[in-house]
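Here the structure is laid out as structure tokens; the discussion comes afterwards.
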Protein chains: 2
Amino acid sequence: MNDPLPQGSVIGILGGGQLGRMLSVAAGRLGYRTHVYDPAPAPPAGDLAHTVTTAGWDDAPALAEFAAGCAVVSYEFENVPEAALDAVEAEAPVHPSRRALAVSQDRLVEKAFLRDLGLATADFAAVDDAPDLAEAIAEVGLPAILKTRRLGYDGKGQARIDRPEDAEAALAAMQGAPAILERRVDFSHEVSVIAARGLTGETVAYDPGENVHRDGILRTTTVPARLSAAQRTDAALLAGRILERLRYVGVLGVELFVTPEGLLVNEFAPRVHNSGHWTQAGCAVDQFEQHIRAIAGWPLGDGSRHSDVVMENLIGDDVDRVPELARQPDAALHLYGKGEARPGRKMGHVNRVTGPARRP
Amino acid sequence: MNDPLPQGSVIGILGGGQLGRMLSVAAGRLGYRTHVYDPAPAPPAGDLAHTVTTAGWDDAPALAEFAAGCAVVSYEFENVPEAALDAVEAEAPVHPSRRALAVSQDRLVEKAFLRDLGLATADFAAVDDAPDLAEAIAEVGLPAILKTRRLGYDGKGQARIDRPEDAEAALAAMQGAPAILERRVDFSHEVSVIAARGLTGETVAYDPGENVHRDGILRTTTVPARLSAAQRTDAALLAGRILERLRYVGVLGVELFVTPEGLLVNEFAPRVHNSGHWTQAGCAVDQFEQHIRAIAGWPLGDGSRHSDVVMENLIGDDVDRVPELARQPDAALHLYGKGEARPGRKMGHVNRVTGPARRP
């Protein structure tokens, strides 16, 4: 077994958004320093990091210099370019692994990976052009959703195909990018499971949270989710299978559809996940600390929850509600220090403890 | 009423220890940046601050430059030199006020202030030399404790006088510093109340915690404390009187002795307080955020608690227990990133949620 990183070690984080910011705070709580790398000046994570490097993803010397000072490097978003990883990996270990990143960067590869693992997903087919799409519709059926294989998030790069005549416009919306057609799943609600695997192979999962989206963006997560005991077990087991197969180190977020036939995996993210922010208020070890524990060689928190929580995102103009939220006794506010409240931009979140943990 | 400081404003913190570190994290949560000023290089708070200035308390130009970039300045310890405050106050508002600092810097002034407020304290008398001490012993009685008037903390600068023949050695231990003799109080236990007053005059108190000291250093705080309903009310009211009289802005920690005759005030600290660390695990708004809210013109959290908590300090070699603590599911660890574990040095703390909040 590896010893944990010594106190005072530097943990590198690729990407300086709110996830990097909260990872930096968690790293500090365990006695580590963080070095944040981001192409944009004054990234949110920089306010709470020991060191910030502002340089591009194509700046190999800057990436190498950054990584050379880090005991381990992680990332807060899954679209880190390959070449940037090459430069970093030459100087420091990167967790979660390249394979986790590669699988999750491409929806088609991800779905195939999940199917190979024996996990249920929506039916899907690859779509590169109009003939592909016609064939995919015949195979997968309608209604369906056409999605770009890469770089989609928060509902971007997606088009619904309810009837055959929607196909042409949907394909045009892909702007020539390789795509995947997914059958629309008839689900009652969506849950996600936040799980982690440590350097020693230990795996742990938090109890699933129930997610509500609006306009393709997560609005709230409520814990506990409406699930049967068997579904809860399923959720933890399937997350464990993904972690094991990828020999993953760190926190993983898995989105699941709850259907009459059981849980379907929608997608996973190789990082801390918005739907895990509730752990800040409900657990001794939150998802951010869990991730730092995993990549720094600590024993993992056991995922137990002392309180039930509702997490609400503050998106765009929602930030105008802060004065009102500040007066609500049960609202634990987390603002991300972002300057401009653009529509759809995640500006912060609120956790509310709703009571001691119920055991559903 | 003042508007809150705009998002992205810089909050200055004099002193870069663990209290400054946790204030910096709380400021970040509310969308602010911090600038930490400390004479020592690489202070613990620097790992989690936007900016750090390393310069002495006598470096007026550095202090002025620091303050000029801050919307408001606070401090994490009560022994900020007068001249340093002069330099800062010329450039930015300082909270809590100079008067709070002046009163709490001198045990004699503090006790006189409390007595003038009508609050119960141990009997006390000023001691500058041997004749004073003899007179003070006659007036106050024995057993008693001789303490330097200034710069004492964690039991330093104190000497017990149980019998008259202890007097000479006790006086010698003061090394010529002006002192105060305090009658030793026969108390059953010690509690502290963490209270706050906002820019608009609003005052709030958390439920008192029960403190256990060893070797003059706080070891644990348990919430709720063993107190009657009347004592709880007393604690909040007396903290409120101190806050009002000082027209205080920020968080205040008040240590109280519980005696058969009621609560006696031991001392207060014009800052966030070690005995308030439990609020991180038990409240939506912890003491660090409460302090930032107060000095930044926000409404205060109402002090309500969702969970009961035991806080344990990790002092000196206690930090060797971290590997074991890391395996305890209920232990929320906070390490301060300090290099060397000297005896008596506060290296971190652990919060444990012990259950939903009991209403005693």
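Values in this document were obtained by computation on a predicted structure and should not be read as measured data. So you know, we letter chains A, B, ... as the sequences are listed, proteins then strands, and number each from 1.
Going from atom CG of B/Asp302 over to atom CD of A/Gln328 covers 11.5 Å, rounded to the nearest 0.5 Å. Here the OG1 atom belonging to A/Thr354 is positioned 10.5 Å from the NE2 atom belonging to B/His306, to the nearest 0.5 angstrom. If you take CG on B/Leu48 and OG1 on A/Thr34, they are separated by 7.0 Å, rounding to the nearest 0.5 Å.
For the set A/Arg29, A/Arg33, A/Met22, A/Lys338, the entry with the most heavy-atom pairs within less than 4.5 Å of chain B is A/Arg29. Contact tally against chain A (heavy-atom pairs below 4.5 Å) for B/Pro356, B/Gly348, B/Pro329: the top residue is B/Pro329. Here B/Ala49 is the residue among B/Ala27, B/Ala49, B/Pro323, B/Gly8 with the most heavy-atom pairs under 4.5 Å with chain A.
In this structure, the portions of A/His334 lying under 4.5 Å from any heavy atom of chain B include both its backbone and its side chain. Residue A/Ala326 touches chain B through both its backbone and its side chain, counting heavy-atom pairs closer than 4.5 Å. At a 4.5 Å heavy-atom cutoff, the contact between A/Asp330 and chain B is made by backbone atoms alone. For A/Val353, the part sitting under 4.5 Å from any heavy atom of chain B is the side chain, from C-beta outward, and nothing else.
A/Gln7 places a side-chain heavy atom less than 4.5 Å from the side chain of B/Leu335. Residues A/Leu333 and B/Arg293 meet the side-chain proximity criterion, which asks for heavy atoms closer than 4.5 Å.
A donor-acceptor pair under 3.5 Å is formed between the side chain of B/Arg21 and the backbone N or O of A/Gly28.
Between A/Ala284 and B/Ala332, the closest heavy-atom pair is O-CB, 3.6 Å.
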